[in-house]
Visitor: 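Following this message is one structure expressed as structure tokens.
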There are 2 protein chains.
Amino acid sequence: MILAQVHLTLPIWLREVVDESRLYADDESRVALAIELARCNVENTTGGPFGAAVFTGAGQLISVGVNRVVPQNCSAAHAEMMAYMLAQARLQRHRLNENGERFVLATSAQPCCQCYGATVWAGIDELLIGARSQDVEELTEFDEGPLPADWVGELEKRGIAVKRDILREQAREVFLRYRELGGGKY
Amino acid sequence: MILAQVHLTLPIWLREVVDESRLYADDESRVALAIELARCNVENTTGGPFGAAVFTGAGQLISVGVNRVVPQNCSAAHAEMMAYMLAQARLQRHRLNENGERFVLATSAQPCCQCYGATVWAGIDELLIGARSQDVEELTEFDEGPLPADWVGELEKRGIAVKRDILREQAREVFLRYRELGGGKY
């Protein structure tokens, strides 16, 4: 019988890792949280080695996401998608910045082709990236998929600033740990 | 407080429109269902003018989707995304064709940049498209977003055949009706 609803969840360990009262004032602290989420997801075997978080421009944490593809049987459940959906559900609007507030996504690794497209619609003003796609493809078996040739320029045209290589080495370490633990299960 | 779960639903009228016992043997009947879903979504004001459905290669209906972005405050809730997530939830695997079976997505209009990326990961073998992106952008205010220059070739490289302009005129009519009803609300 066809289904009429889908329900996606984050792992239970999140409550212990995320400090909601903290202000994430700079780029490094934002990407550091995304990387820590990715690391915990690997250590707890609750999904692939990717994490992301949405902040206000001032640094209030709005949502977090980790990769849940295999445990939840859902190819859409990438870290960035989870973070966008949960931020929108919390703020009850489908385009986060439609009221003129600024929003930022920090991600432990460059968005794949799906999360890239989702970024165009989510309503963020800034995209902060840890590892590069080359790091993902060098250290894991994940494919990042086809992007527009000038993917950064296409985002900038739509008002989304892109900053890369933030804590790149720490972000790469998550993939090494994932591989060490036998990667590919998630 | 940050949320840990997201729940997306299809509209209640689906049960009246979808005949699960029927075999959708040819391309036209598959895209016709996607267009009918889009049309009903417009008439019932339950989302944007887009519909999609996943079939087995032989034509068994596995899942359907319609655009739910505005009613559910979720920029990921495009018709194709809903259809992929619901097919994967039903079959309990994150890549539909990983067991060697064939799967087909029929969509009332060319996938936007987000659904394009999702198509790369969903595990389908064939993509059937009604209206072109030019039709969407000509007749509605929707932007389709940036794609790789050779978006069809990139899918074909990954084993996904693409067929376009199937019932294109009927697919365009949904956008005209959407506009007639004041479009842009959803």
Side-chain angles (χ1 to χ4, degrees), chain A residues 1-12 14-15 18 20 53 61-64 69-70 72-78 81-82 84-96 111-123 143 145-151 154-155 157-158, chain B residues 1-12 14-15 18 20 61-64 69-70 72-78 81-82 84-96 111-123 143 145-151 153-155 157-158:
Chain A
M1 198 154 89
I2 61 165
L3 300 180
Q5 41 192 314
V6 62
H7 184 212
L8 300 171
T9 63
L10 294 181
I12 195 79
L14 277 178
R15 302 288 181 198
V18 175
E20 297 187 53
L61 180 64
I62 299 297
S63 71
V64 300
V69 170
V70 174
Q72 305 217 320
N73 298 304
C74 181
S75 63
H78 287 201
M81 305 288 293
M82 294 297 293
Y84 288 143
M85 289 192 284
L86 290 164
Q88 292 164 348
R90 176 174 175 176
L91 302 181
Q92 289 286 291
R93 51 184 188 258
H94 68 278
R95 202 168 183 103
L96 293 168
C112 78
C113 56
Q114 169 179 252
C115 298
Y116 175 76
T119 296
V120 175
W121 310 137
D143 176 12
L147 293 180
D150 182 19
W151 65 271
E154 291 288 352
L155 291 178
K157 257 195 251 174
R158 289 163 174 86
Chain B
M1 198 155 88
I2 63 165
L3 300 181
Q5 41 193 314
V6 61
H7 184 212
L8 300 171
T9 63
L10 293 181
I12 195 78
L14 277 177
R15 302 289 182 197
V18 175
E20 298 188 51
L61 180 64
I62 300 298
S63 71
V64 300
V69 170
V70 173
Q72 305 217 319
N73 297 305
C74 182
S75 62
H78 286 201
M81 306 289 292
M82 295 297 293
Y84 287 143
M85 290 193 283
L86 291 165
Q88 292 165 348
R90 175 175 175 176
L91 301 180
Q92 290 286 291
R93 51 184 189 257
H94 69 278
R95 203 169 183 101
L96 292 168
C112 77
C113 55
Q114 169 178 253
C115 299
Y116 176 76
T119 296
V120 175
W121 310 137
D143 177 12
L147 292 180
D150 183 18
W151 65 271
E154 291 287 352
L155 291 179
K157 259 196 249 173
R158 289 164 174 86

Visitor: Could you tell me which portion of B:Leu86 (side chain, backbone, both or neither) has an atom closer than 4.5 angstrom to a non-hydrogen atom of chain A?
Guide: both
Visitor: Which value, rounded to the nearest 0.5 Å, describes the distance between A:Met1 atom CE and B:Ser63 atom OG?
Guide: 14.0 Å
Visitor: Given a strict heavy-atom distance threshold of 4.5 Å, which part of B:Ala4 is in contact with chain A: side chain, backbone, both, or neither?
Guide: both
Visitor: Find the one option among A:Gln92, A:Arg95, A:Met85, A:Met81 whose heavy-atom pairs under 4.5 Å with chain B are most numerous.
Guide: A:Gln92
Visitor: Should A:Leu8 and B:His7 be marked as a side chain to side chain contact (heavy atoms under 4.5 Å, CB included) after you check the CA-CA gap, both sets of side-chain angles, and the distance that decides it?
Guide: CA-CA 6 Å; A:Leu8 300 171; B:His7 184 212; over 6 Å; no
Visitor: For a quick test of reading the model, state the closest non-hydrogen atom pair linking A:Ile2 to B:Val64 and the distance between them.
Guide: CD1-CG2, 4.0 Å
Visitor: Report the residues that fulfil side-chain hydrogen bond (donor to acceptor under 3.5 Å, both in side chains) with B:Arg90, sequence neighbours left out, ordered by chain and then residue number.
Guide: none
Visitor: What residue, out of B:Ile12, B:Leu91, B:Leu96, B:Val69, has the most heavy-atom pairs lying under 4.5 Å from chain A?
Guide: B:Val69
Visitor: Using a 3.5 Å distance criterion without hydrogens, assess whether the side chain of B:Gln88 forms a donor-acceptor pair with backbone atoms of A:Ser75.
Guide: yes
Visitor: Taking every heavy-atom pair that is under 4.5 Å apart, which of A:Leu3, A:Asp143, A:Val6 has the most such pairs with chain B?
Guide: A:Val6
Visitor: Quick check on B:Asp150 against chain A: is it the side chain, the backbone, both or neither that has a heavy atom closer than 4.5 Å?
Guide: neither
Visitor: So which residue, A:Arg93, A:Lys157, A:Glu154, ends up with the most heavy-atom pairs under 4.5 Å with chain B?
Guide: A:Arg93
Visitor: Pick whichever of A:His78, A:Gln114, A:Gln72 has the most heavy-atom pairs under 4.5 Å with chain B.
Guide: A:Gln114
Visitor: Would you give me the side-chain donor-acceptor pairs under 3.5 Å for residues 115-122 of chain B, sequence neighbours excluded?
Guide:
unit_1: B:Tyr116; atom_1: OH; unit_2: B:Trp151; atom_2: O; d: 2.9
unit_1: B:Thr119; atom_1: OG1; unit_2: B:Tyr84; atom_2: OH; d: 2.7
unit_1: B:Thr119; atom_1: OG1; unit_2: B:Cys115; atom_2: O; d: 2.7

Visitor: Given that the side chain runs from C-beta out, which part of B:Leu14 has a heavy atom under 4.5 Å from chain A: side chain, backbone, both or neither?
Guide: neither
